[in-house]
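Below is one structure, written out as structure tokens, with a few remarks after it.
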Amino acid sequence: MRISKFRKTPKVVFIVGPTAIGKTRLAVKLAMKLRGEIISCDSMQIYKGMDILSQTPSRSDRRLVKHHLVNLLSPDKEYSAAVFIKRAAPIIKSILKIGKTPIVVGGSGLYIKALIYGLFPSPAADMKFRKNMQRFAARHGLSRLHKRLMEIDPDCASRIHANDVRRIIRALEIFHSTGRTMTELKSATKGLGDVYDIKLFGLKAKRSSIYSRIDERVDKMFADGIVKEVRRLTRKKLAMTSKEALGLKEITGYLDGEYEAEYAKDMLKMNTRRFAKRQLTWFRKNKRIKWFDVERNSEAKIIANITKKVG
RNA sequence: GCCGAGGUAGCUCAGCGGUAGAGCGCUGCCCUGAAAAGGCAGGCGUGGCGUGUUCGACUCACGCCCUCGGCA
């Protein structure tokens with residue numbers, strides 16, 4: 001940071017916030033003002049053919065501003081926080097190189113954290129190992145796996161709840177493929193925050209407003225043909241990641257005749273509200289975020305404010 | 001109008017003469033390669049209203065109101 005006094009440390013702008021708050025719209029306008037390019041920090045917008053489901057930025061928005069990590073992966077391919085930062089880091093570097101401003105836009109707390117603070121070097125996901133472990137847990141009980149982790153890496157095991165299947169298995173997986181424990185690997189991790197000047201901005205609103213925005217959005221998704229999109233997507237095998245997109249389970253149940261469309265819609269609204277709630281929990285604790293209430297400030301005002309702080 | 005069933009948490013409903021529980025919802029939290037995922041915690045209540053019996057009523061009795069079903 002010493003050099004920042006003499007040479008400007010490159011700035012990377014982040015726009016975060018819960019789903020349906022208006023990040024996409026604001027980001028495009030901000031990018032035009034700042035001469036920026038957008039990097040989507042989103043586990044679903046990366047996929048092709050999920051425009052309605054993942055609320056992918058529109059073609060016209062993408063024509064106005066260059067968007068990265070949007071609409072380029074086939075839904076049968078896995079994606080993850082680690083893959084995201086591997087792809088995002090060089091993109092950010094190249095945007096800065098041509099003198100433009102990288103604007104990272106997204107609502108995933110983990111992806112953002114991973115990008116700014118880094119992930120410790122760890123092996124890629126081993127789906128076969130996970131499935132084996134899941135089978136083992138189903139047969140002999142999850143506590144056996146937790147106990148095994150306790151023997152290998154007590155420090156890590158004590159931090160993971162005994163019912164948290166995914167984290168227990170991931171910790172075992174790391175040991176399985178590297179012979180080293182998660183605790184060992186957790187040392188010195190580097191992220192973007194060590195290299196660039198990170199500017200974090202958040203969009204917020206009253207909880208009730210966020211929820212009604214979600215309701216409206218879901219209604220619109222149905223009007224726009226989400227059912228058709230899901231029918232098309234589920235004809236082929238989906239990756240574990242893309243399979244988790246909100247709306248897929250809900251609409252598949254309707255398509256299978258388990259319930260009415262109206263019920264699927266209500267479930268999607270509910271699950272999206274819960275998602276927003278979890279996002280808020282995640283962001284709330286990040287004290288570096290500068291928040292803007294979208295109901296108390298006009299979009300123009302927020303953009304002007306951000307521009308001033310970044311400029 | 002008569003007969004029957006029932007009014008308990010936001011919803012669906014248990015239970016009991018000693019002032020209440022479950023599931024879902026909701027709220028809070030955790031989070032390092034599935035994160036739009038996964039996990040943890042918390043009961044949030046004028047027991048339809050009133051009168052009576054009782055040391056004590058959500059629980060028993062009576063009256064009223066309301067809902068649902070059947071008969072008219």
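Numbered from 1 within each chain, the chains take letters A, B, ... in sequence-line order.
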query = Is A:Lys66 atom NZ crowded by more than 12 heavy atoms from other residues, nucleotides or ligands, each under 6.0 Å away?
reply = no

P spacing across the pair B:C3 / B:C44, given as an integer number of angstrom = 41 Å

inquiry  = Do A:Asn271 and A:Glu250 pair up side chain to side chain, a donor and an acceptor below 3.5 Å, judged on atom types alone?
reply    = yes

inquiry  = Once hydrogens and angles are ignored, does a donor-acceptor distance under 3.5 Å link the base of B:A35 to the side chain of A:Arg278?
reply    = no

request  = Please state the P separation for the pair B:G18 and B:G69 - nearest whole angstrom.
outcome  = 35 Å

Contact residues, residues 220-249 of chain A to RNA chain B [heavy atom, < 4.0 Å] = A:Met240, A:Thr241, A:Glu244, A:Ala245, A:Leu246

ask   = Reckon A:Ser54 touches a base, only the sugar-phosphate, or nothing at all at heavy-atom distances under 4.0 Å?
value = base

message = What contact category does A:Gln55 fall into here, base, sugar-phosphate, or nothing, at under 4.0 angstrom with non-hydrogen atoms?
response = nothing

task = Assign each of A:Tyr79 and A:Ile160 to its nearest nucleotide of RNA chain B by heavy atoms, then name whichever residue's nucleotide is nearer the 5' end.
result = A:Ile160

ask   = Distance between the C1' atoms of B:A72 and B:G10, in whole angstroms?
value = 38 Å

query = Looking at RNA chain B, which of residues 140-153 of chain A put a heavy atom within less than 4.0 Å of it?
reply = none

key: Pair of N/O donor and acceptor under 3.5 Å linking B:G28 base with A:Thr281 side chain   = no

ask   = Do A:Ser209 and A:Glu295 touch side chain to side chain, with heavy atoms closer than 4.5 Å?
value = yes

message = For A:Met127 and A:Asp164, find the nucleotide of RNA chain B closest to each by heavy atoms; which residue's nucleotide sits nearer the 5' end?
response = A:Met127

ask   = When you look for runs of 3 or more Watson-Crick or G-U pairs in a row, both distances below 3.5 Å, which of them include RNA chain B?
value = B:1-7 with B:65-71, B:10-13 with B:21-24, B:26-30 with B:38-42, B:48-52 with B:60-64

message = By the 4.0 Å heavy-atom rule, please label A:Ser43 as base, sugar-phosphate, or nothing.
response = base

ask   = Is any side-chain heavy atom of A:Leu145 less than 4.5 Å from a side-chain heavy atom of A:Met133?
value = yes

query = Can a cation-pi geometry be assigned to A:Arg170 and A:Phe129, taking NZ or CZ under 6.0 Å from the six-membered ring centre and within 45° of the ring axis?
reply = no

base_contact_polar (B:C31 base, A:Arg167 side chain, donor-acceptor, <3.5 Å) = yes

request  = Would you check, one step at a time, whether the test salt bridge (charged side-chain N to carboxylate O under 4.0 Å, His left out) holds for A:Asp293 with A:Lys206?
outcome  = CA-CA 8 Å; A:Asp293 189 318; A:Lys206 282 198 306 288; over 6 Å; no

message = Check the phosphate of B:G33 against A:Arg170, side-chain N and O only, distance under 4.0 Å to OP1 or OP2. Yes or no?
response = yes

ask   = Regarding A:Asp76 and A:Ser74, is there a side-chain donor-to-acceptor distance under 3.5 Å anywhere?
value = yes

key: Flag for A:Thr181-A:Thr183: side-chain donor and acceptor within less than 3.5 Å   = no

query = Does one side chain, of A:Asn132 or A:Lys128, offer a donor that lies under 3.5 Å from an acceptor on the other?
reply = no

